[in-house]
Amino acid sequence: MIIPWQSMRICNNPQCSNKSHHAYCDEHRKEAQQRADRQYDKTKRDNQYTDFYKSGEWRLLRKSFIHKNPLCSKCMDKGESVPADVVDHIEEIRDNFDRRLDESNLMSLCHDCHNKKTAIVRTSRQCEYKPTNKKVTIVTGSAGSGKSTYVKKNMQAGDLILDIDYIWMALTGLDMYEKPAHLVDIVIAVRNEICRVLERKLMSENVRAWIITTAKNVDELKRMFNADVITMNVSKEECIERIMNDDRRTKRLDKHIKLVNDWYKKE
């Protein structure tokens, strides 16, 4: 039997010009298979979650729990008595499937509170970091939007984090949000010099970096580092609530809330 000869073609990776008899070249074939495996695993997990919510064990637990906890827990926190319609997992089962039947991980909610919580979770998942070939990622958003938390969750050991709040702390020894006005020009100069050094190192070394900023227009930084940009998609109300619950910001609470309001005014 004669097997027809197959011509070589350009690798399907958009940033690669190598040729191969397969869809991907040798360099990118493993990466493509890993993506396919992740997608398969995600589909399998999604089916697992759907099947669980249809299961008899969940329906029995839900009925029992809402009977014992008939009022919306979020409304009760505000001093209101509103009948609950939904039993919700505090920690999402996609994050910890082992706690799916753990009553300490459940709360009763009315439809309005459940819809608000779902919207916040959906927004958070839309912001999840998707690794790329870019060496620098700019994370921007309002005060209280969770930029630093996001970076800490997604960084790797050895990554550089450029956050002006930490530069202030390093240069002054003060708490994170104490920033004497007479030192602003020095802190900005140090930040700018770090950017210049990083720009040079990116040309010759394998360095990964994260730049955390509240600037809304990051076009110049994006061009400078050929960077990805992540904008924290969090509501103004959520940002203010986080700030009010952050003991580090209590001394300058009015200032931080004004920063949030200013960010959302620009939209």
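The first residue in the sequence is number 1, and the count goes up from there. Nothing here was measured: the structure is a model prediction, and the numbers come from that model.
- Side chains of Ser108 and Leu71 form no contact here, defined as non-hydrogen atoms less than 4.5 Å apart.
- Between Glu199 and Met224 there is a side-chain heavy-atom pair separated by less than 4.5 Å.
- With hydrophobic clusters built from ILVMFWY side chains whose heavy atoms lie under 4.5 angstrom apart, Leu253 shares a cluster with Val260.
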N/O donor to acceptor pairs below 3.5 angstrom from side-chain atoms of residues 156-167, sequence neighbours left out:
unit_1	atom_1	unit_2	atom_2	d
Asp159	OD1	Arg208	NE	3.3
Asp159	OD2	Gln156	N	2.9
Asp159	OD2	Arg208	NE	3.3
Asp159	OD2	Arg208	NH2	2.7
Asp159	OD2	Trp210	NE1	3.0
Asp163	OD1	Asp165	N	3.0
Asp163	OD2	Ser148	OG	3.3
Asp165	OD1	Lys179	NZ	2.5
Tyr166	OH	Lys152	NZ	3.3

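- Side-chain N or O atoms of Lys147 include none that pairs as donor or acceptor with a backbone N or O of Ile211 at under 3.5 Å.
- Judged by the 6.0 Å and 45° rule, Lys236 forms no cation-pi pair with Trp263.
- Comment: Lys258 engages Asp262 in a salt bridge, judged by a side-chain N to carboxylate O separation of less than 4.0 angstrom.
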Q: Walk me through it: do Thr172 and Glu178 pass the test side-chain contact (heavy atoms from CB on, under 4.5 Å)?
A: CA-CA 9 Å; Thr172 66; Glu178 292 186 43; over 6 Å; no
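- In this structure, the side chain of Arg100 does not engage the main chain of Ile93 through any donor-acceptor pair within 3.5 Å.
- Note that SG of Cys72 is 10.5 Å distant from NE2 of His114, once rounded to the nearest 0.5 Å.
- When the side chains of ILVMFWY residues are joined at heavy-atom separations under 4.5 Å, either directly or via intervening members, Phe65 and Ile90 end up in two distinct hydrophobic clusters.
- Other residues, nucleotides and ligands contribute more than 12 heavy atoms inside 6.0 Å of the NZ atom of Lys117.
- Counting only heavy atoms from C-beta outward, the side chains of Leu174 and Pro180 approach each other to under 4.5 Å.
- Cluster membership check: Leu259 does not share its hydrophobic cluster with Val139, using side-chain heavy-atom separations under 4.5 Å among Ile, Leu, Val, Met, Phe, Trp and Tyr.
- Legend: side chain to side chain donor-acceptor pair (under 3.5 Å) pairs involving residues 56-71, not counting sequence neighbours, sorted by first then second residue: Lys68-Glu103.
- Of the residues listed (Val218, Ile230, Thr231, Ile212), the one engaging Ile138 in a side chain to side chain contact (heavy atoms under 4.5 Å, CB included) is Val218, and it is the only one.
- Heavy atoms from other residues, nucleotides or ligands lying under 6.0 Å from CD of Glu193 number more than 12.
- In terms of modelled atom types and a separation under 3.5 Å, the side chain of Ser235 and the main chain of Glu238 share a donor-acceptor contact.
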